Amino acid sequence: RKEAAQRTMKLHPMWQQPIAVPGGHCQSPIDIVVRKSVFDSALKPLATDYDPETCQQIWNNGYSFLVEYDDSADKSTLKGGPLQDQFRLCQFHFHWGESNAWGSEHTVDRRLFPAELHLVHWNSDKYSLFEEAVSGDNGLAVIGVFLKVGKRHEGLQKLVDALPAIRHKGSVVEFTRFDPACLLPSNTEDYWTYHGSLTTPPLTESVTWIVMKQHIEVSHDQLAVFRSLLFTSAEEEVQKSMVNNFRVQQPLCGRTVRSSFT
Ligand SMILES: CCCCCNS(=O)(=O)c1cc(S(N)(=O)=O)ccc1C(=O)O
Ligand SMILES: [Zn+2]
């Protein structure tokens, strides 16, 4: 029992303290083994309906930067895909590395990407608040999109231009009229989906993950601005670059990853 407890006690570079995973057998992220994924013809294309007017602010929470949306009504929604219910967009954020060689949380046949976008939604058919859905059954749906370094992403530039204003942990600036649909790949029919968890505390296993097969491209310089952010607040003496803000991969524990494509 002690060994098992030790196995679940992990030191994560980001959080410095051991993370007592609640005996989790549905933790995220994972490696997606393509040849072991199971095609499910019942999986529909994603149906996103985002209203840029619900975009409110962008802030540095000391772990990533979040673009937050007004989720007090069903204005920016996600349906379809593997989902039976309607989900509301509450925020999106990214994970990235200190180099282009790694940075994503999920991998595909062990392939790492330089960064990964997460669009976080909560089940507004079942819950009335995001906070309830976080620890509720079938509470969250997170779309994962891999980033590759290549041509400049025109839609991302407005976000990149806002980052210097939130260099330090705790800084917030107004950020409006940003349509997150511009960050989705052109193909929203092909994805993998599995039952998992948040990749940050509280690590609750309330997430239907939807990982897009097609990546998006951003330029080297755009990604470099992500790395200019800091984990630390303005008051701290030692400033630490916000890089490698990803969780290590977790055991599949017998879960099936389904694919919407053959
Ligand atoms: C009420 C406590 C919520 C804690 C989780 N918040 S979140 O928006 O779902 C989130 C998800 C994720 S993830 N990678 O999508 O699981 C990462 C960060 C955060 C965050 O809040 O910083
Ligand atoms: Zn994330």
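Ligands are counted one by one from 1 in listed order, and the atoms in each one are counted from 1 as well. All of these numbers come straight from a predicted model, not from anything done at the bench.
- Cation-pi contact between Lys158 and Phe175: present, with separation from the ring centre below 6.0 Å and deviation from the ring axis of at most 45°.
- From the protein, the heavy atom lying nearest to atom 18 (C) of ligand 1 is Thr200 OG1, 3.5 Å.
- Considering backbone and side-chain N/O of Trp209, none are found under 3.5 Å from N/O of ligand 1.
- The shortest separation from a heavy atom of Glu105 to ligand 1 is under 4.0 Å, placing the residue in contact.
- Protein heavy atom closest to atom 5 (C) of ligand 1, with residue, atom name and distance, is Leu198 CD1, 3.8 Å.
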Using distance only, find each side-chain donor-acceptor pair of residues 220-231 under 3.5 Å and give its atom names and separation, not counting sequence neighbours.
residue : atom : partner : partner atom : Å
His220  : ND1  : Asn100  : ND2          : 3.2
Gln222  : OE1  : His153  : N            : 2.9
Gln222  : OE1  : Ser219  : N            : 3.0
Gln222  : NE2  : His153  : O            : 2.9
Gln222  : NE2  : Gln157  : OE1          : 2.9
Arg227  : NE   : Gly97   : O            : 2.8
Arg227  : NE   : Glu98   : O            : 3.4
Arg227  : NH2  : Asn100  : OD1          : 2.6
Ser228  : OG   : Val225  : O            : 2.6

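- With 3.5 Å as the limit, one finds no donor-acceptor pair spanning the side chains of Ser76 and Asp51.
- For atom 20 (C) of ligand 1, the closest non-hydrogen atom on the protein side is Gln91 NE2, 3.8 Å.
- Using a 4.0 Å cut-off between a side-chain N of Lys or Arg and a carboxylate O of Asp or Glu, Arg258 and Asp40 qualify as a salt bridge.
- Defined by atom type and a distance below 3.5 Å, a donor-acceptor pair is present between the side-chain atoms of Ser28 and Tyr194.
- At the top of the distance list for atom 12 (C) of ligand 1, counting protein heavy atoms only, stands His93 CE1, 3.5 Å.
- Around the Zn ion (ligand 2), the protein atoms of type N, O or S found under 2.8 Å away are His93 NE2, His95 NE2, His118 ND1, listed by chain and number.
- Of all protein heavy atoms, the one closest to atom 6 (N) of ligand 1 is Phe130 CZ, 3.9 Å.
- Heavy atoms of Thr199 found under 4.0 angstrom from ligand 1 belong to the backbone as well as the side chain.
- Heavy-atom proximity to Val120, at under 4.0 Å, picks out these atoms of ligand 1: 9 (O), 15 (O).
- The line from CZ of Phe146 to OG of Ser104 is 5.5 Å long, rounded to the nearest 0.5 Å.
- Checked against a 6.0 Å centroid threshold, the rings of His106 and Trp209 count as neighbours.
- Between Ser233 and His168, the shortest heavy-atom contact is C-CD2, 3.6 Å.
- Neither the backbone nor the side chain of Val207 has a heavy atom within less than 4.0 Å of ligand 1.
- We find the OG-CH2 distance between Ser128 and Trp122 to be 6.5 Å, quoted to the nearest 0.5 Å.
- The closest side-chain heavy-atom distance from Thr199 to His95 is below 4.5 Å.
- Residue His95 touches ligand 1 through its side chain alone, judged by heavy-atom distances below 4.0 Å.
- The shortest contact between atom 22 (O) of ligand 1 and any protein heavy atom is with Asn61 ND2, 2.9 Å.
- Distances from ligand 1 to the non-hydrogen atoms of Pro202 include at least one value under 4.0 Å.
- The cationic group of Lys213 lies under 6.0 Å from the six-membered ring centre of Phe261 and within 45° of the ring axis, placing it in a cation-pi geometry.
- Screening Phe92, Trp59, Trp96 for a ring pair (Phe, Tyr, Trp, His ring centres under 6.0 Å) involving Phe65 leaves a single residue, Trp96.
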